[in-house]
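In what follows, a single structure is set out as C-alpha coordinates and then discussed.
Protein chains get the first letters and strands the later ones, always in sequence-line order, with residue 1 at the start of each.
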Amino acid sequence: MMAPFYKYGLFNDEVSLIIAFVIGIGFGFFLERGGFGSGRLLAAQFYFTDMRVFKVMFTAIVTSMMGIYYLSYLGLVDINLIYYGNTYLMPDMLGGLILGIGFVIGGYCPGTSGVALATGRIDAIFYTMGGFFGIFVFGEIYPLIEGFMNGNNLGLVNLPQFFGINYGLVLFAVILIAIGGFALAEWGEKLMASKRKAEV
Amino acid sequence: MGIKNWFSHHHEDNVRAHELVPKHYWNPYLVGIGLGIVLMLTFVIMGRGLGASGAMSTVVSVVVDEVAPGHAQSNQFYQNYLGDGTQSPFKDWLVFEVLGLLVGGFLSGAIAGRNKLTVEKGPHISTKKRFLFAFIGGSLMGFGAKMARGCTSGQGLTGGSMLSLGGWAFLLMVFVGAYGMAYFVRRQWI
(Lines give C-alpha, C1' and ligand atoms only; values in the text may rest on other atoms or scores of the structure.)
Protein backbone atom coordinates (compact mmCIF):
# COMPACT_ATOMS: atom_id res chain seq x y z
CA MET A 1 0.00 0.00 0.00
CA MET A 2 1.17 3.51 -0.78
CA ALA A 3 -0.22 5.98 1.69
CA PRO A 4 -0.93 8.87 2.10
CA PHE A 5 -2.71 8.18 -1.22
CA TYR A 6 -2.91 11.83 -2.31
CA LYS A 7 0.84 12.34 -1.84
CA TYR A 8 1.48 9.35 -4.10
CA GLY A 9 -0.74 10.89 -6.76
CA LEU A 10 -3.44 8.22 -6.65
CA PHE A 11 -6.05 10.88 -7.45
CA ASN A 12 -6.08 14.49 -8.61
CA ASP A 13 -7.08 17.78 -6.95
CA GLU A 14 -10.67 17.63 -8.22
CA VAL A 15 -11.19 14.23 -6.59
CA SER A 16 -9.54 15.49 -3.40
CA LEU A 17 -12.31 18.10 -3.07
CA ILE A 18 -14.99 15.40 -3.24
CA ILE A 19 -13.07 13.46 -0.61
CA ALA A 20 -12.88 16.63 1.50
CA PHE A 21 -16.66 16.94 1.36
CA VAL A 22 -17.22 13.29 2.36
CA ILE A 23 -14.67 13.46 5.17
CA GLY A 24 -16.32 16.70 6.32
CA ILE A 25 -19.66 14.89 6.60
CA GLY A 26 -18.07 12.29 8.88
CA PHE A 27 -16.35 15.03 10.89
CA GLY A 28 -19.57 17.02 11.38
CA PHE A 29 -21.59 13.88 12.13
CA PHE A 30 -19.35 12.74 14.98
CA LEU A 31 -19.00 16.28 16.36
CA GLU A 32 -22.79 16.54 16.61
CA ARG A 33 -23.05 13.02 18.08
CA GLY A 34 -20.63 14.10 20.78
CA GLY A 35 -22.66 17.16 21.75
CA PHE A 36 -20.34 19.70 20.09
CA GLY A 37 -23.31 21.52 18.56
CA SER A 38 -24.35 22.77 21.97
CA GLY A 39 -22.56 25.84 23.34
CA ARG A 40 -23.77 25.00 26.84
CA LEU A 41 -22.27 21.52 26.68
CA LEU A 42 -19.01 22.86 25.24
CA ALA A 43 -18.77 25.43 28.03
CA ALA A 44 -19.78 22.87 30.68
CA GLN A 45 -16.35 21.24 30.45
CA PHE A 46 -14.80 24.39 31.86
CA TYR A 47 -17.00 24.11 34.98
CA PHE A 48 -16.62 20.32 35.39
CA THR A 49 -20.40 19.90 35.16
CA ASP A 50 -20.21 17.82 31.97
CA MET A 51 -16.86 16.68 30.62
CA ARG A 52 -18.22 15.00 27.48
CA VAL A 53 -16.45 17.34 25.06
CA PHE A 54 -13.11 16.90 26.79
CA LYS A 55 -13.52 13.09 26.69
CA VAL A 56 -14.44 13.06 22.99
CA MET A 57 -11.55 15.36 22.06
CA PHE A 58 -8.85 13.38 23.82
CA THR A 59 -10.24 9.97 22.85
CA ALA A 60 -10.13 11.18 19.24
CA ILE A 61 -6.53 12.38 19.57
CA VAL A 62 -5.40 9.12 21.19
CA THR A 63 -7.27 6.96 18.65
CA SER A 64 -5.86 8.74 15.63
CA MET A 65 -2.39 8.99 17.16
CA MET A 66 -2.24 5.25 17.89
CA GLY A 67 -3.81 4.32 14.56
CA ILE A 68 -1.40 6.31 12.45
CA TYR A 69 1.58 5.10 14.50
CA TYR A 70 0.51 1.49 14.07
CA LEU A 71 -0.06 1.87 10.31
CA SER A 72 3.35 3.48 10.01
CA TYR A 73 4.92 0.69 12.10
CA LEU A 74 3.41 -1.86 9.70
CA GLY A 75 4.92 0.10 6.82
CA LEU A 76 1.53 0.97 5.33
CA VAL A 77 1.79 4.75 5.74
CA ASP A 78 4.79 7.01 5.33
CA ILE A 79 4.37 9.17 8.42
CA ASN A 80 6.95 11.64 7.09
CA LEU A 81 4.60 12.63 4.27
CA ILE A 82 1.86 13.74 6.67
CA TYR A 83 1.76 17.51 7.06
CA TYR A 84 0.52 19.01 10.33
CA GLY A 85 1.86 22.55 10.38
CA ASN A 86 5.17 24.06 11.40
CA THR A 87 5.75 25.04 15.02
CA TYR A 88 6.06 28.76 15.73
CA LEU A 89 6.16 28.42 19.50
CA MET A 90 5.27 31.93 20.67
CA PRO A 91 2.46 32.64 18.16
CA ASP A 92 1.08 29.11 18.72
CA MET A 93 0.95 29.62 22.49
CA LEU A 94 -0.36 33.21 22.50
CA GLY A 95 -2.91 32.32 19.82
CA GLY A 96 -4.01 29.31 21.86
CA LEU A 97 -4.44 31.47 24.97
CA ILE A 98 -6.57 34.03 23.09
CA LEU A 99 -8.60 31.26 21.44
CA GLY A 100 -9.16 29.58 24.83
CA ILE A 101 -10.47 32.82 26.32
CA GLY A 102 -12.71 33.26 23.27
CA PHE A 103 -13.86 29.64 23.60
CA VAL A 104 -15.40 30.05 27.07
CA ILE A 105 -16.79 33.53 26.31
CA GLY A 106 -18.30 32.55 22.96
CA GLY A 107 -19.16 28.94 23.68
CA TYR A 108 -17.71 27.47 20.49
CA CYS A 109 -14.58 27.01 18.46
CA PRO A 110 -14.58 27.31 14.64
CA GLY A 111 -15.55 23.71 13.79
CA THR A 112 -18.15 23.37 16.51
CA SER A 113 -19.77 26.70 15.57
CA GLY A 114 -20.38 25.18 12.12
CA VAL A 115 -22.21 22.24 13.68
CA ALA A 116 -24.13 24.63 15.94
CA LEU A 117 -25.15 26.68 12.89
CA ALA A 118 -26.28 23.59 11.04
CA THR A 119 -28.41 22.45 13.98
CA GLY A 120 -30.17 25.80 14.43
CA ARG A 121 -28.29 27.54 17.24
CA ILE A 122 -28.98 31.26 16.77
CA ASP A 123 -26.11 32.34 19.03
CA ALA A 124 -23.76 30.53 16.64
CA ILE A 125 -24.69 33.08 13.94
CA PHE A 126 -23.33 35.88 16.16
CA TYR A 127 -20.32 33.74 17.06
CA THR A 128 -19.52 33.12 13.39
CA MET A 129 -19.90 36.81 12.53
CA GLY A 130 -17.49 37.52 15.38
CA GLY A 131 -15.14 34.90 13.94
CA PHE A 132 -15.10 36.65 10.55
CA PHE A 133 -14.53 39.98 12.30
CA GLY A 134 -11.62 38.60 14.37
CA ILE A 135 -9.97 37.14 11.28
CA PHE A 136 -10.44 40.47 9.47
CA VAL A 137 -8.82 42.37 12.37
CA PHE A 138 -5.95 39.89 12.35
CA GLY A 139 -5.56 40.33 8.59
CA GLU A 140 -5.47 44.11 8.95
CA ILE A 141 -2.78 44.12 11.62
CA TYR A 142 -0.85 41.23 10.04
CA PRO A 143 1.69 43.54 8.30
CA LEU A 144 2.52 45.02 11.72
CA ILE A 145 3.09 41.68 13.46
CA GLU A 146 4.67 39.80 10.57
CA GLY A 147 8.00 39.74 12.42
CA PHE A 148 6.46 38.15 15.51
CA MET A 149 4.43 35.71 13.40
CA ASN A 150 7.40 34.42 11.44
CA GLY A 151 9.91 34.55 14.28
CA ASN A 152 11.28 31.38 15.87
CA ASN A 153 9.99 29.02 13.19
CA LEU A 154 10.99 25.60 14.48
CA GLY A 155 9.76 23.86 11.33
CA LEU A 156 7.77 20.64 11.22
CA VAL A 157 8.78 19.36 14.62
CA ASN A 158 7.11 16.83 16.91
CA LEU A 159 7.53 16.18 20.63
CA PRO A 160 9.81 13.13 20.18
CA GLN A 161 12.21 15.15 17.98
CA PHE A 162 12.13 18.21 20.24
CA PHE A 163 12.83 16.32 23.45
CA GLY A 164 14.97 13.63 21.82
CA ILE A 165 12.77 10.83 23.16
CA ASN A 166 11.59 7.69 21.35
CA TYR A 167 8.29 8.20 19.47
CA GLY A 168 6.66 5.17 21.06
CA LEU A 169 7.56 6.37 24.53
CA VAL A 170 5.97 9.79 23.96
CA LEU A 171 2.90 8.04 22.58
CA PHE A 172 2.72 5.88 25.70
CA ALA A 173 3.06 8.97 27.91
CA VAL A 174 0.23 10.72 26.05
CA ILE A 175 -2.01 7.66 26.56
CA LEU A 176 -1.22 7.68 30.29
CA ILE A 177 -1.92 11.43 30.52
CA ALA A 178 -5.21 10.93 28.65
CA ILE A 179 -6.29 8.13 31.00
CA GLY A 180 -5.39 10.37 33.95
CA GLY A 181 -7.39 13.19 32.35
CA PHE A 182 -10.42 10.92 31.87
CA ALA A 183 -10.27 9.79 35.50
CA LEU A 184 -10.03 13.42 36.60
CA ALA A 185 -12.96 14.32 34.34
CA GLU A 186 -15.16 11.53 35.74
CA TRP A 187 -14.22 12.52 39.28
CA GLY A 188 -14.90 16.21 38.61
CA GLU A 189 -18.33 15.45 37.16
CA LYS A 190 -19.29 13.38 40.22
CA LEU A 191 -18.01 16.09 42.56
CA MET A 192 -19.99 18.83 40.80
CA ALA A 193 -23.11 16.62 40.70
CA SER A 194 -22.99 15.97 44.44
CA LYS A 195 -22.30 19.65 45.06
CA ARG A 196 -25.38 20.60 43.11
CA LYS A 197 -27.45 18.00 44.98
CA ALA A 198 -26.28 19.45 48.28
CA GLU A 199 -27.31 22.96 47.20
CA VAL A 200 -30.92 21.96 46.53
CA MET B 1 -34.23 -0.85 24.91
CA GLY B 2 -32.96 -0.29 21.42
CA ILE B 3 -29.51 0.22 20.01
CA LYS B 4 -29.90 3.94 20.62
CA ASN B 5 -30.24 3.36 24.35
CA TRP B 6 -27.29 1.07 24.35
CA PHE B 7 -25.10 3.72 22.77
CA SER B 8 -26.29 6.53 24.97
CA HIS B 9 -24.63 7.96 28.01
CA HIS B 10 -27.17 8.36 30.75
CA HIS B 11 -25.52 10.35 33.49
CA GLU B 12 -27.33 8.22 36.07
CA ASP B 13 -25.68 10.15 38.87
CA ASN B 14 -26.88 13.59 37.94
CA VAL B 15 -30.07 13.23 35.95
CA ARG B 16 -32.32 16.05 37.11
CA ALA B 17 -35.17 18.11 35.77
CA HIS B 18 -32.87 20.89 34.55
CA GLU B 19 -30.14 18.53 33.41
CA LEU B 20 -28.44 20.05 30.41
CA VAL B 21 -28.32 16.86 28.35
CA PRO B 22 -31.89 16.47 27.17
CA LYS B 23 -31.36 13.96 24.36
CA HIS B 24 -29.26 10.87 24.19
CA TYR B 25 -25.88 11.76 22.84
CA TRP B 26 -23.69 8.78 22.12
CA ASN B 27 -21.16 7.67 24.70
CA PRO B 28 -18.32 10.24 24.52
CA TYR B 29 -15.57 7.61 24.34
CA LEU B 30 -17.29 5.87 21.41
CA VAL B 31 -17.76 9.21 19.64
CA GLY B 32 -14.09 9.97 20.27
CA ILE B 33 -13.07 6.71 18.61
CA GLY B 34 -15.32 7.52 15.64
CA LEU B 35 -13.87 11.01 15.32
CA GLY B 36 -10.36 9.63 15.70
CA ILE B 37 -10.96 7.17 12.86
CA VAL B 38 -12.22 9.99 10.59
CA LEU B 39 -9.06 11.95 11.39
CA MET B 40 -6.84 8.91 10.84
CA LEU B 41 -8.49 8.24 7.46
CA THR B 42 -7.81 11.87 6.52
CA PHE B 43 -4.12 11.34 7.26
CA VAL B 44 -4.04 8.09 5.29
CA ILE B 45 -5.95 9.37 2.27
CA MET B 46 -4.77 12.98 2.09
CA GLY B 47 -1.53 13.20 4.08
CA ARG B 48 -3.00 16.10 6.01
CA GLY B 49 -5.43 16.61 8.87
CA LEU B 50 -8.76 18.26 9.57
CA GLY B 51 -9.36 21.99 9.92
CA ALA B 52 -12.04 24.61 10.18
CA SER B 53 -10.83 28.19 10.65
CA GLY B 54 -8.94 28.12 7.34
CA ALA B 55 -12.23 28.02 5.43
CA MET B 56 -13.43 31.11 7.32
CA SER B 57 -10.20 32.91 6.40
CA THR B 58 -10.85 32.17 2.72
CA VAL B 59 -14.27 33.82 3.00
CA VAL B 60 -12.81 36.90 4.74
CA SER B 61 -9.98 37.19 2.20
CA VAL B 62 -12.37 36.98 -0.76
CA VAL B 63 -14.66 39.66 0.73
CA VAL B 64 -11.70 41.99 1.40
CA ASP B 65 -10.48 41.36 -2.14
CA GLU B 66 -13.94 42.21 -3.55
CA VAL B 67 -14.18 45.46 -1.58
CA ALA B 68 -10.57 46.62 -1.83
CA PRO B 69 -8.59 44.54 -4.35
CA GLY B 70 -5.37 46.55 -4.09
CA HIS B 71 -5.45 46.38 -0.32
CA ALA B 72 -5.85 42.60 -0.30
CA GLN B 73 -3.17 42.08 -2.94
CA SER B 74 -0.59 43.94 -0.85
CA ASN B 75 -1.27 41.89 2.28
CA GLN B 76 0.51 38.54 2.56
CA PHE B 77 -2.12 37.13 4.95
CA TYR B 78 -5.03 37.60 2.52
CA GLN B 79 -2.79 36.64 -0.37
CA ASN B 80 -2.18 33.18 1.12
CA TYR B 81 -5.90 32.44 0.93
CA LEU B 82 -6.53 34.12 -2.42
CA GLY B 83 -3.91 32.07 -4.25
CA ASP B 84 -2.30 33.02 -7.54
CA GLY B 85 -5.59 33.86 -9.24
CA THR B 86 -5.52 30.90 -11.64
CA GLN B 87 -8.51 29.32 -9.87
CA SER B 88 -11.26 30.30 -7.47
CA PRO B 89 -10.08 30.62 -3.84
CA PHE B 90 -13.12 28.54 -2.90
CA LYS B 91 -11.71 25.53 -4.78
CA ASP B 92 -9.96 24.71 -1.56
CA TRP B 93 -9.73 21.48 0.45
CA LEU B 94 -10.80 23.07 3.75
CA VAL B 95 -13.71 24.94 2.17
CA PHE B 96 -15.15 21.65 0.87
CA GLU B 97 -14.42 19.89 4.15
CA VAL B 98 -16.32 22.57 6.10
CA LEU B 99 -19.26 22.36 3.66
CA GLY B 100 -19.33 18.63 4.44
CA LEU B 101 -19.10 19.40 8.16
CA LEU B 102 -22.27 21.51 7.93
CA VAL B 103 -24.09 18.68 6.13
CA GLY B 104 -22.82 16.01 8.56
CA GLY B 105 -23.78 18.06 11.61
CA PHE B 106 -27.23 18.70 10.17
CA LEU B 107 -27.75 15.00 9.35
CA SER B 108 -26.73 13.82 12.80
CA GLY B 109 -28.92 16.44 14.46
CA ALA B 110 -31.85 15.54 12.20
CA ILE B 111 -31.56 11.82 12.98
CA ALA B 112 -31.46 12.52 16.72
CA GLY B 113 -34.20 15.16 16.63
CA ARG B 114 -31.81 17.81 17.95
CA ASN B 115 -32.15 20.36 15.14
CA LYS B 116 -33.98 23.25 16.71
CA LEU B 117 -33.94 27.04 16.46
CA THR B 118 -32.70 27.91 19.92
CA VAL B 119 -30.13 29.94 21.85
CA GLU B 120 -27.47 28.17 23.89
CA LYS B 121 -27.16 29.90 27.25
CA GLY B 122 -27.53 29.46 30.98
CA PRO B 123 -30.70 30.56 32.82
CA HIS B 124 -29.21 33.74 34.31
CA ILE B 125 -28.37 35.75 31.19
CA SER B 126 -30.54 37.52 28.62
CA THR B 127 -30.56 36.46 24.99
CA LYS B 128 -29.22 39.87 23.90
CA LYS B 129 -26.25 39.62 26.25
CA ARG B 130 -25.61 36.08 25.08
CA PHE B 131 -25.46 37.30 21.46
CA LEU B 132 -22.97 40.01 22.48
CA PHE B 133 -20.80 37.45 24.32
CA ALA B 134 -21.01 35.11 21.32
CA PHE B 135 -19.76 37.88 19.03
CA ILE B 136 -16.91 38.88 21.38
CA GLY B 137 -15.88 35.26 21.93
CA GLY B 138 -16.04 34.57 18.21
CA SER B 139 -13.82 37.58 17.50
CA LEU B 140 -11.19 36.44 20.00
CA MET B 141 -11.37 32.93 18.58
CA GLY B 142 -10.91 34.15 15.00
CA PHE B 143 -7.97 36.31 15.98
CA GLY B 144 -6.36 33.61 18.15
CA ALA B 145 -6.83 30.88 15.56
CA LYS B 146 -5.06 32.97 12.93
CA MET B 147 -2.19 33.80 15.25
CA ALA B 148 -1.77 30.11 16.11
CA ARG B 149 -2.16 29.18 12.40
CA GLY B 150 -4.94 26.78 13.32
CA CYS B 151 -7.83 26.19 15.65
CA THR B 152 -8.98 23.33 17.85
CA SER B 153 -9.30 21.18 14.72
CA GLY B 154 -6.13 22.08 12.84
CA GLN B 155 -3.74 22.58 15.73
CA GLY B 156 -5.54 20.61 18.46
CA LEU B 157 -6.89 17.44 16.86
CA THR B 158 -4.51 17.24 13.92
CA GLY B 159 -1.33 18.59 15.55
CA GLY B 160 -2.16 16.81 18.78
CA SER B 161 -2.43 13.36 17.24
CA MET B 162 0.73 13.88 15.15
CA LEU B 163 2.48 14.81 18.43
CA SER B 164 3.28 18.25 16.99
CA LEU B 165 5.19 20.45 19.43
CA GLY B 166 3.18 23.51 18.38
CA GLY B 167 -0.07 21.54 18.55
CA TRP B 168 0.46 20.48 22.16
CA ALA B 169 1.77 23.90 23.23
CA PHE B 170 -1.36 25.36 21.62
CA LEU B 171 -3.72 22.88 23.34
CA LEU B 172 -2.14 23.53 26.71
CA MET B 173 -2.67 27.27 26.33
CA VAL B 174 -6.26 26.84 25.11
CA PHE B 175 -7.09 25.08 28.36
CA VAL B 176 -5.14 27.64 30.43
CA GLY B 177 -7.08 30.45 28.74
CA ALA B 178 -10.49 28.78 28.94
CA TYR B 179 -10.26 27.47 32.51
CA GLY B 180 -8.67 30.76 33.62
CA MET B 181 -11.46 32.83 32.05
CA ALA B 182 -14.32 30.46 33.02
CA TYR B 183 -14.90 31.95 36.47
CA PHE B 184 -15.47 35.45 35.07
CA VAL B 185 -18.17 34.44 32.60
CA ARG B 186 -19.88 31.77 34.74
CA ARG B 187 -23.13 33.77 34.87
CA GLN B 188 -23.50 33.14 31.17
CA TRP B 189 -23.45 29.36 31.47
CA ILE B 190 -24.39 28.14 34.95
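Across Ser108(B), Gly104(B), Ser57(B), Ala148(B), the residue that shares the most heavy-atom pairs under 4.5 angstrom with chain A is Ser108(B). Listed options Ser113(A), Ser64(A), Ala118(A), Gly102(A) were ranked by heavy-atom pairs under 4.5 angstrom with chain B; first place goes to Ser64(A). Per-residue heavy-atom pair counts under 4.5 Å with chain B were compared for Leu94(A), Leu17(A), Asp13(A), and the maximum is reached by Leu17(A). Counting heavy-atom pairs under 4.5 Å between each of Gly142(B), Gly150(B), Gly138(B) and chain A puts Gly138(B) at the top. When each of Ile82(A), Ile145(A), Ile125(A) is scored by its heavy-atom pairs under 4.5 Å with chain B, the top score falls to Ile82(A). Residue with the most contacts toward chain A among Val95(B), Ile37(B), Val38(B): Val38(B) (heavy-atom pairs, distance under 4.5 Å). In terms of non-hydrogen atom pairs under 4.5 Å with chain B, the most contact-rich of Tyr6(A), Tyr142(A), Phe27(A) is Phe27(A). Among the candidates Leu163(B), Leu35(B), Val176(B), the residue making the largest number of heavy-atom pairs closer than 4.5 Å to chain A is Leu163(B). Contact tally against chain A (heavy-atom pairs below 4.5 Å) for Ile190(B), Val60(B), Val63(B), Thr118(B): the top residue is Thr118(B). The candidate from Thr42(B), Thr158(B), Leu107(B), Leu132(B) with the greatest count of non-hydrogen atom pairs under 4.5 Å with chain A is Thr42(B). In terms of heavy-atom pairs under 4.5 angstrom with chain B, the leader among Gly26(A), Gly139(A), Gly114(A), Gly107(A) is Gly139(A). Contact tally against chain B (heavy-atom pairs below 4.5 Å) for Met66(A), Met93(A), Lys7(A): the top residue is Met93(A).
Residue contact with chain B, scored on non-hydrogen atoms closer than 4.5 Å, is absent for Phe36(A). Of the two parts of Ile33(B), the backbone and the side chain both hold a non-hydrogen atom closer than 4.5 Å to a non-hydrogen atom of chain A. In this structure, chain B has no heavy atom under 4.5 Å from any part of Tyr8(A). For chain B, the nearby parts of Phe132(A) are the backbone and the side chain; heavy atoms of each come within less than 4.5 Å. Both the backbone and the side chain of Trp93(B) come within contact range of chain A, each with at least one heavy atom under 4.5 Å from a heavy atom of that chain. Ser194(A) does not touch chain B: none of its heavy atoms, backbone or side chain, sits under 4.5 Å away. Of the two parts of Ile18(A), neither the backbone nor the side chain holds a non-hydrogen atom closer than 4.5 Å to a non-hydrogen atom of chain B. Residue Arg130(B) touches chain A through its side chain alone, counting heavy-atom pairs closer than 4.5 Å. Only the side chain of Phe133(A) comes within contact range of chain B, with at least one heavy atom under 4.5 Å from a heavy atom of that chain. With a threshold of 4.5 angstrom between heavy atoms, Phe43(B) approaches chain A through its backbone and through its side chain. Contact of Leu50(B) with chain A is made through the side chain alone, with heavy-atom distances under 4.5 Å. When heavy atoms are compared at a cutoff of 4.5 Å, Val119(B) approaches chain A by way of both its backbone and its side chain. With a threshold of 4.5 angstrom between heavy atoms, Leu154(A) approaches chain B through side-chain atoms but not through N, CA, C or O. Contact annotation for Glu14(A): only side-chain heavy atoms (C-beta onward) come within less than 4.5 Å of a heavy atom of chain B. Of the atoms belonging to Phe184(B), not a single heavy atom falls under 4.5 Å from chain A. With a 4.5 angstrom heavy-atom cutoff, Leu81(A) touches chain B only via backbone atoms. For Leu172(B), no part lies near chain A; criterion is any non-hydrogen pair under 4.5 Å. Neither the backbone nor the side chain of Val62(A) comes within less than 4.5 Å of any heavy atom in chain B. For chain B, the nearby parts of Glu140(A) are the backbone and the side chain; heavy atoms of each come within less than 4.5 Å. When heavy atoms are compared at a cutoff of 4.5 Å, Phe162(A) approaches chain B solely by way of its side chain, counted from C-beta outward. Heavy atoms closer than 4.5 Å to chain A are found in both the backbone and the side chain of Lys146(B).
Pro91(A) and Asn152(A) get closest at one heavy-atom pair: CD-OD1, 4.3 Å. When all heavy atoms are compared, the tightest approach of Pro89(B) to Leu82(B) is CG-O, 3.8 Å. Annotation for Tyr127(A) and Cys109(A): closest pair OH-CA, 3.4 Å, computed over non-hydrogen atoms. The shortest non-hydrogen separation linking Phe170(B) to Asp92(A) is CD1-O, 3.6 Å. The minimum heavy-atom distance linking Gly111(A) with Leu101(B) is given by the pair O-CD2, 3.6 Å. Shown here for Asn166(A) and Gly168(A), the closest heavy-atom pair between the two residues is OD1-N, 2.7 Å.
Between Phe48(A) and Tyr179(B), the two ring planes are tilted [angle within 30° to 60°].
Heavy atoms from other residues, nucleotides or ligands lying under 6.0 Å from CZ of Phe11(A) number more than 12. Atom CE of Met129(A) has more than 12 neighbouring heavy atoms from other residues, nucleotides or ligands inside a 6.0 Å radius.
The hydrophobic cluster containing Leu76(A) also contains Met65(A), counting ILVMFWY residues as joined when their side-chain heavy atoms lie under 4.5 angstrom apart, directly or transitively. Hydrophobic cluster membership is shared by Leu169(A) and Met162(B), with clusters built from Ile, Leu, Val, Met, Phe, Trp and Tyr side chains linked at under 4.5 angstrom. In the hydrophobic cluster analysis, where Ile, Leu, Val, Met, Phe, Trp and Tyr join through side-chain heavy atoms closer than 4.5 angstrom, Val98(B) is grouped apart from Val22(A). Hydrophobic clustering places Leu165(B) together with Met90(A) (ILVMFWY residues linked when any side-chain heavy atoms are closer than 4.5 Å, directly or through intermediates).
Ionic pairing of Lys55(A) and Glu189(A) is present here: one or more N-O contacts between side-chain nitrogen and carboxylate oxygen are shorter than 4.0 angstrom.
Atom CG of residue Leu99(B) and atom CZ of residue Phe21(A) lie 6.5 Å apart, to the nearest 0.5 angstrom. Rounded to the nearest 0.5 angstrom, Asn158(A) CG and Phe163(A) CZ are separated by 11.0 Å.
Ring pair Tyr69(A)/Tyr167(A): centre-to-centre distance below 6.0 Å. For Phe138(A) and Phe77(B), the distance between ring centers is under 6.0 angstrom. With ring centers used as reference points, Phe54(A) lies under 6.0 Å from Phe58(A).
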